[in-house]
Amino acid sequence: MQIISGQARGVTLAVPPTMAVRPTAGRSRKALFDSLGRFVGATVVDLFSGSGAVGLEAASRGAATVVLVESDRRHCRVIERNIQAVRKTGVVADIRLAEAPAPAIRFWGGAVPDVVFADPPYEESAEHWRRLVHDNAFLRVAAGALLVWEIPDAPGASGAFLADNPLAEGRLRRFGGTGFLIGYLPEAADVQG
């Protein structure tokens with residue numbers, strides 16, 4: 001697996017040696033990032049980072065702050081190696097690794113994200129989705145951010161996400177055979193509690 005574009009293009013990334021991590025395929029990642037446009041100066045949060053590939057792709061494309069959130073310490077060690085590999089290319093970004101027991105917590109130190117990526121383990125994805133989109137603390141911290149959620153690759157899987165979809169302009173898109181629900185989180189004034 002490699003960084004696809006930007007300053008760190010071609011850097012090979014390590015992948016944790018467990019089946020729990022299934023990095024977003026290169027073709028899907030390229031099409032997704034190309035569709036999202038520029039990342040220069042952006043603040044990006046990558047929940048359920050796994051290998052860190054998505055967040056590090058954003059850093060390579062010019063994101064100023066990237067927060068990689070992963071709860072598995074073994075995966076965090078792989079992410080640390082990948083951060084070092086990307087930094088060797090001169091990528092200038094404030095890349096922080098946050099170990100968190102759950103994604104919907106206040107961990108990225110006050111930076112309001114422009115983009116939040118989430119790719120939890122497929123078997124837990126719908127549960128994390130329900131918890132996240134109803135977590136007022138998370139919604140206040142990430143108010144107005146673009147949320148990009150990778151949808152499990154199973155027949156009918158998108159139904160659980162579309163039925164409970166508070167995202168403004170939220171829609172399902174497919175890139176390279178992978179489905180993503182993409183839309184803006186509610187603005188702070190729209191969050192209850």
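What you see is a predicted model, and the numbers here were worked out from it, not measured in a lab.
Scanning for side-chain contact (heavy atoms from CB on, under 4.5 Å) contacts around R77 gives R73, R74, with sequence neighbours left out. Shown here are the side chain to side chain donor-acceptor pair (under 3.5 Å) partners of E124, two or more places apart in sequence or in another chain: H128. Residues that satisfy the salt bridge (charged side-chain N to carboxylate O under 4.0 Å, His left out) test with E127, not counting sequence neighbours, are R131. With sequence neighbours left out, the side-chain contact (heavy atoms from CB on, under 4.5 Å) criterion links V148 to L32, L36, V115, F117, L146, F180, I182. D114 is linked by a side-chain contact (heavy atoms from CB on, under 4.5 Å) to A42, T43, counting only residues two or more places apart in sequence or in another chain.
For the residue pair R130 and H134, the shortest heavy atom distance occurs at O-CD2, 2.9 Å. Closest heavy-atom contact between R29 and Q2: NH1-O, 3.1 Å.
F175 and V54 fall within the same hydrophobic cluster, where Ile, Leu, Val, Met, Phe, Trp and Tyr residues are linked whenever their side-chain heavy atoms come under 4.5 Å apart, directly or through other members. Under the 4.5 Å side-chain heavy-atom criterion for grouping Ile, Leu, Val, Met, Phe, Trp and Tyr, L181 is connected to L139 within one hydrophobic cluster. Put simply, F138 and V45 are part of the same group of oily side chains (I, L, V, M, F, W, Y) that touch within less than 4.5 Å, one to the next.
For residues 174-183, no pair satisfies salt bridge (Lys or Arg N to Asp or Glu O under 4.0 Å), with sequence neighbours left out.
Within the 4.5 Å cutoff, the side chain of S5 has no heavy atoms near those of the S60 side chain.
A donor-acceptor contact shorter than 3.5 Å is absent between the side chain of D46 and the backbone of V66. Side-chain atoms of E70 come within 3.5 Å of backbone N or O of G50 as a donor-acceptor pair.
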Side-chain donor-acceptor distances from residues 85-92 under 3.5 Å, at least two apart:
from: R87; atom 1: NH2; to: I95; atom 2: O; distance (Å): 3.2
from: T89; atom 1: OG1; to: V86; atom 2: O; distance (Å): 2.6

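One distance of note links CD1 of I83 with CG of L68; it measures 5.0 Å at 0.5 Å rounding.
For the side chain to side chain contact (heavy atoms under 4.5 Å, CB included) test with R61, the passing option among L56, V40, D34, V44 is D34; the others fail.
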